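Since the model is a prediction, treat every value here as computed from it, not as a measurement. Numbered from 1 within each chain, the chains take letters A, B, ... in sequence-line order.
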Protein chains: 2
Amino acid sequence: MTIGQLAQELNIKTQTIRYYENQGLLSKPERTQSNYRIYDQNSIKRLTFIKRAKEIGFSLGDIKTLLEMSDKKVNRCADVKDFAETRLIKIRSRIEDLKSMEMTLSDIIKQCSQPNKTAECPIIESLTEG
Amino acid sequence: MTIGQLAQELNIKTQTIRYYENQGLLSKPERTQSNYRIYDQNSIKRLTFIKRAKEIGFSLGDIKTLLEMSDKKVNRCADVKDFAETRLIKIRSRIEDLKSMEMTLSDIIKQCSQPNKTAECPIIESLTEG
DNA sequence: TGCAACCTTATAGTTAACTATAAGGTAGTA
DNA sequence: TACTACCTTATAGTTAACTATAAGGTTGCA
């Protein structure tokens with residue numbers, strides 16, 4: 001598939017795909033004899049990973065490292081472990097924060113559905129303690 | 001407390017605090033007779049909320065809305081509910097993605113601890129399906 | 001063959017969220 | 001009283017991550 005088709009499939013811009021290639025997140029793809037980039041299912045997988053990793057708060061730099069780990073380009077086990085461990089700590093605290101925000105928001109929605117009750121709004125409290 | 005003390009407490013820059021004030025995330029604080037801003041425990045709470053909401057992927061615009069909801073400046077229940085519901089959907093999918101990334105990373109750490117096994121690296125798979 | 005809709009590279013512009021600088025006032029201490 | 005470390009506002013610069021533009025080549029179809 002061409003870059004345009006890939007971009008449409010994933011709802012991103014073609015420029016963004018080229019940008020990721022420049023940044024080393026995507027490897028140089030095969031080309032047609034007329035120099036067009038060619039992509040396959042694997043490219044869709046990789047870009048889906050990038051999109052979702054971005055959504056959960058990883059920088060492109062982090063994502064690059066994760067992809068390199070996945071590609072086995074990074075072989076020093078200690079480095080991989082260190083990186084994974086520090087990310088894991090962050091991920092766990094993010095999950096806690098998100099859960100706490102989730103509870104608060106669903107409480108708010110419930111309160112909105114019963115407009116008689118005018119309970120206190122606990123939004124700030126949700127992420128303040130702990 | 002002064003802006004400098006507040007900034008130190010939360011490990012952010014004084015400029016950032018003033019920036020948040022300009023953006024409407026913090027209300028105009030009291031001033032000393034020499035025009036210095038004065039802050040209290042409540043300011044710490046509010047800034048802690050902002051910091052953590054940012055970490056879990058909210059934009060400053062979203063955070064402003066959440067704070068306004070908290071401050072009861074937004075009273076139209078339907079609006080609050082709509083906002084909360086769309087955020088809630090995003091939060092839930094982020095939690096799923098984070099959990100899946102969490103599992104993958106802890107598997108990697110395990111594999112690193114048993115260097116004899118050279119299992120496949122499932123990083124990309126972690127966020128591709130679903 | 002002509003033309004719209006693709007593709008290429010290189011480079012410049014945009015947006016969000018800071019971050020630094022300039023120019024000057026204030027407070028506490030040697 | 002002078003010095004250092006604060007504070008003020010306004011404005012300019014930075015960084016990450018795109019996003020758009022310019023200038024030109026390619027493909028497929030009427």
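Cluster annotation: A:I17 is not connected to A:Y36 through the hydrophobic network of ILVMFWY side chains, with a link wherever side-chain heavy atoms come within less than 4.5 Å.
In this structure, CD1 of B:I3 is placed 15 Å from C1' of D:dA5, rounded to the nearest angstrom. In this structure, CD of B:Q5 is placed 14 Å from P of C:dA27, rounded to the nearest angstrom. Atom CE of A:M1 is separated from atom P of C:dC6 by 14 Å (rounded to the nearest Å). With rounding to whole Å, B:L25 atom CG is found 14 Å from C:dA16 atom P. Atom-to-atom, CD1 of B:I38 to P of D:dC6 comes out at 18 Å; the value is rounded to the nearest Å. One atom, CD1 of A:I12, and another, P of D:dA17, lie 15 Å apart when rounded to the nearest Å. A:Y39 places its OH atom 11 Å from the C1' atom of C:dC7, with the value rounded to the nearest Å.
Residue contacts for A:T2: at a heavy-atom cut-off of 4.0 Å it reaches the sugar-phosphate backbone alone, with no base atom in range.
Side-chain contact check for B:T32 versus B:T2: every heavy-atom pair is 4.5 Å or farther apart. For the pair B:D107 and B:K110, the minimum side-chain heavy-atom distance is below 4.5 Å.
Taking the ring centre of A:F83 as origin, the terminal cationic atom of A:R87 falls inside the region bounded by 6.0 Å and 45° from the ring axis.
By the 4.0 Å N-to-carboxylate-O rule, B:K51 lies too far from A:D97 to be salt-bridged with it.
The two residues B:L6 and B:I44 make their nearest non-hydrogen contact at CD1-CG1, 3.6 Å.
Of the residues near DNA chain D, B:N35 and A:T32, the one whose nearest nucleotide (by heavy atom distance) lies more toward the 5' end is B:N35. Of the two residues contacting DNA chain C, namely B:Q33 and B:G61, the nearest-nucleotide position lying further toward the 5' end is that of B:G61.
For D:dT8, one of the phosphate oxygens OP1 or OP2 lies less than 4.0 angstrom from a side-chain nitrogen or oxygen of B:R18. Of the side-chain N and O atoms in B:R31, one or more sit less than 4.0 angstrom from OP1 or OP2 of D:dT9. When the side-chain nitrogen and oxygen atoms of B:R37 are compared with OP1 and OP2 of D:dT8, one or more of them lie within a distance under 4.0 Å.
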Contacts table for residues 53-60 of chain B: side-chain donor-acceptor under 3.5 angstrom, sequence neighbours left out:
residue: B:S59; atom: OG; partner: B:G61; partner atom: N; Å: 3.4
residue: B:S59; atom: OG; partner: B:D62; partner atom: N; Å: 3.1

Footprint string (nucleotides 18-26 of chain C, 5' to 3'): B base within contact, S backbone only, - free, heavy atoms under 4.0 Å: BBBB---BB
